[in-house]
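What follows is a short report on a single structure.
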Amino acid sequence: METLLLHPISRIQGSVELPGSKSISNRTLLLAALAEGRTEVKGLLDSDDVQRMLEALTTLGIQWEQRPGTRDFVVHGAAGRIPVNEAKLFLGNAGTAFRPLTAALALAGGHYELSGVPRMHERPIGDLVDALRQLGGQIDYLGNDGFPPLAIHPAKVGDPVDVSVKGNVSSQFLTALLMALPLLGKAATVRVVGELISKPYIEITLNLMRRFGVEVTRQDWASFHIAGNQRYASPGTVHVEGDASSASYFLAAGAIGRGPVRVLGVGNDSIQGDVKFADTLALMGATITKGDNWIEASGNGRLRAIDVDLNHIPDAAMTIAVAALFADGTTTIRNIASWRVKETDRLAAMATELRKVGAQVEEGADYISVTPPDSLTPNAVIDTYDDHRMAMCFSLVALGGIPVVINDPKCVGKTFPNYFSVLDSVSLR
Ligand SMILES: O=C(O)C1=C[C@@H](OP(=O)(O)O)[C@@H](O)[C@H](O)C1
Ligand SMILES: C=C(OP(=O)(O)O)C(=O)O
């Protein structure tokens, strides 16, 4: 296994052009494929998760081209039809490909098999399958009940289209249903049972569906309605914003390593919930300034400990857990039970690795408390569990003026393949 020795970083300063948003890239590709007309997608993220979606679309007979030397793509929409009606798809560990494709293909009238890496086969999908079965979806589990891999056969959809879905395990199930339902071409209602987590991701879904011509009306976060006779149509061009979760590592680094660090590609105009990470960092004492398309962070090297509910930013919340090493007391992050079903059990992984650098950690069913040590342990060897965010978060340890070793650093390829060279470009040693 490869390892990366990160030398101590004395200061972080400069600006960073962010890679495209994973959530926007994969939603836009699927919507463009389902739409009528050609869509120009500019600034698509270049990473494993997006590659899995592009490959899947190719296998399904969707035509797309990349403009040479750019991250600009043209997708030729198939107007609500999936051209290939029998296919096997491998979707890696990309939740944003697996869940939305499951729903779209369940309503597409063909025969499909969807699989992923072993960890994807441990990530739940039962709530989505239950919802699709209420609609007449014909889906079989090929391994364990409630988990991928899946076999999908043509649905027998009745009337009215009124479906309930649980919202407390992943918001991606609701996203998947909402994006797929317009394929039926009739009015549809989705009711969320229980508490909906990760709500800002639903805002991204509704925003992009609207751009592709489908309006969803909602009552609170409990019920969503799609009026009949709405079909996806290409908006012409979609510009993919920078990834707000990827921004979190640099903003935290700016706050801990004095900065200023400016991330380019997200700001006041962003549709991503993870831009709110900057507010949490400000609560910890960072100085934050923003423009329409940038955010800048600086600080004095010392952060305030906080006790916060970060259910709205589950991915960027991991960055707060590691930034907590630089705070003046115990930081508690609450309402993050979903961490247990992501790339790894992130609550367990975070607790184990934070202890390696000397922190005192309390791990609960849905929270984590981190108390920093008087001085961080040098040369800790951090395991990353094939979780890009574990690798990126723990690079912040080098800001404590100590070396740190990151195992399997290439796992950042899921969303940010050149993360470590970008970090290096703003690091002073
Ligand atoms: O819809 C999306 O783009 C995502 C939703 C979130 O998942 P959950 O809804 O499972 O929390 C997030 O963690 C994931 O990285 C991306
Ligand atoms: C949870 C994540 O990914 P996925 O889209 O596979 O759910 C993530 O990127 O942190």
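Every number for a ligand or one of its atoms is a count from 1 in the order of the listing.
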Report task. Please report which non-hydrogen protein atom sits nearest to atom 16 (C) of ligand 1, along with the residue it belongs to and the distance in Å to one decimal place. Result -> Gln172 NE2, 3.4 Å
Query raised in the report: Counting each atom of ligand 2 from 1 as listed, which ones have a heavy atom of Arg389 under 4.0 Å away?
Result: 8 (C), 9 (O), 10 (O)
Query raised in the report: Are the charged groups of Asp243 and Lys22 less than 4.0 angstrom apart, N to O?
Result: no
**Report entry** Any N/O pair Ala94/ligand 2 closer than 3.5 Å
**Finding:** no
Query raised in the report: Going by distance only, is there an N or O of Arg99 that falls short of 3.5 Å from an N or O of ligand 1?
Result: no
Query raised in the report: For Ser170 and ligand 1, does the shortest N/O to N/O distance drop below 3.5 Å?
Result: yes
Query raised in the report: Between Lys414 and Glu343, is there a side-chain N and carboxylate O pair less than 4.0 Å apart?
Result: yes
Query raised in the report: What about Gln172: any of its N or O atoms under 3.5 Å from an N or O on ligand 2?
Result: yes
Query raised in the report: Going by the order shown, which atoms of ligand 2 are within less than 4.0 Å of some heavy atom of Thr96?
Result: 5 (O)
Query raised in the report: Do ligand 1 and Ser198 have nitrogen or oxygen atoms that lie under 3.5 Å from each other?
Result: yes
Requested in this report: Determine the minimum heavy-atom distance between Ala278 and Ile295, stating which atoms define it.
Outcome: CB-CG2, 4.2 Å
Requested in this report: Within a distance under 4.0 Å of any heavy atom of Lys22, pick out the atoms of ligand 2 and give their elements.
Outcome: 2 (C), 3 (O), 4 (P), 5 (O), 8 (C), 9 (O)
Query - Backbone of Gly167 reached by a side-chain donor or acceptor of Asp127 within 3.5 Å - result: no
Requested in this report: Indicate whether the side chain of Tyr201 and that of Gln272 have a donor and an acceptor atom separated by less than 3.5 Å.
Outcome: no
Query raised in the report: Any donor-acceptor pair under 3.5 Å linking the side chain of Arg119 with the backbone of Lys342?
Result: yes
Query raised in the report: Heavy-atom distance to atom 4 (P) of ligand 2: which of Lys414, Arg99, Arg119 wins?
Result: Lys414
**Report entry** Check: Ser23 N/O within less than 3.5 Å of ligand 1 N/O
**Finding:** yes
Query raised in the report: Which ligand 2 atoms are under 4.0 Å away from a heavy-atom of Asn93?
Result: 6 (O)
Query raised in the report: Can you check whether His388 has an N/O within less than 3.5 Å of an N/O in ligand 2?
Result: yes
Report task. Considering only non-hydrogen protein atoms, determine which one is nearest to atom 9 (O) of ligand 1 and report residue, atom name and distance to 0.1 Å. Result -> Ser171 OG, 2.5 Å
Query raised in the report: Got a sec: does the CG of Asp220 have more than 12 other heavy atoms crowding it under 6.0 Å?
Result: no
**Report entry** Side-chain donor-acceptor pair present, His76, Glu65, cut-off under 3.5 Å
**Finding:** yes
**Report entry** Asp307/Arg334 salt bridge by N-O under 4.0 Å criterion
**Finding:** yes
Query raised in the report: Between His225 and Thr189, do the side chains contain an N or O donor and an N or O acceptor separated by less than 3.5 Å?
Result: yes
Query raised in the report: Do Lys410 and Asp48 sit within salt-bridge range, that is, some charged N less than 4.0 Å from a carboxylate O?
Result: no
Query raised in the report: Looking at Thr96, which atoms of ligand 1 are within less than 4.0 Å of one of its heavy atoms?
Result: 2 (C), 3 (O)
Report task. Could you find the nearest protein heavy atom to atom 1 (O) of ligand 1 and give me its residue, atom name and distance? Result -> Arg27 NH2, 2.7 Å
Query raised in the report: What's the shortest distance from atom 15 (O) of ligand 1 to any protein heavy atom, and which residue and atom give it?
Result: Asp315 OD2, 2.6 Å
Report task. Examine Thr175 against ligand 1 and note whether any of their N/O atoms are separated by less than 3.5 Å. Result -> no
**Report entry** For ligand 2, the portion of Arg123 having any non-hydrogen atom under 4.0 Å away
**Finding:** side chain
Report task. Ignoring angles and geometry beyond distance, decide whether Thr415 reaches within less than 3.5 Å of ligand 2 through its nitrogen or oxygen atoms. Result -> no
Query - Closest approach of any protein heavy atom to atom 8 (P) of ligand 1, naming residue and atom - result: Lys342 NZ, 3.3 Å
Query raised in the report: Are side-chain N/O atoms of Arg27 and Thr205 paired as donor and acceptor at under 3.5 Å?
Result: yes
Query raised in the report: Which ligand 2 atoms does Arg346 reach within 4.0 Å, using its non-hydrogen atoms?
Result: 1 (C), 8 (C), 10 (O)
Report task. Taking the six-membered ring for Trp and the single ring otherwise, decide whether the centroids of Tyr249 and Phe394 are under 6.0 Å apart. Result -> no
Query raised in the report: Between Arg346 and Glu363, is there a salt bridge with N-O shorter than 4.0 Å?
Result: no
Query raised in the report: For atom 8 (C) of ligand 2, what's the nearest protein heavy atom and its distance?
Result: Glu343 OE2, 3.0 Å
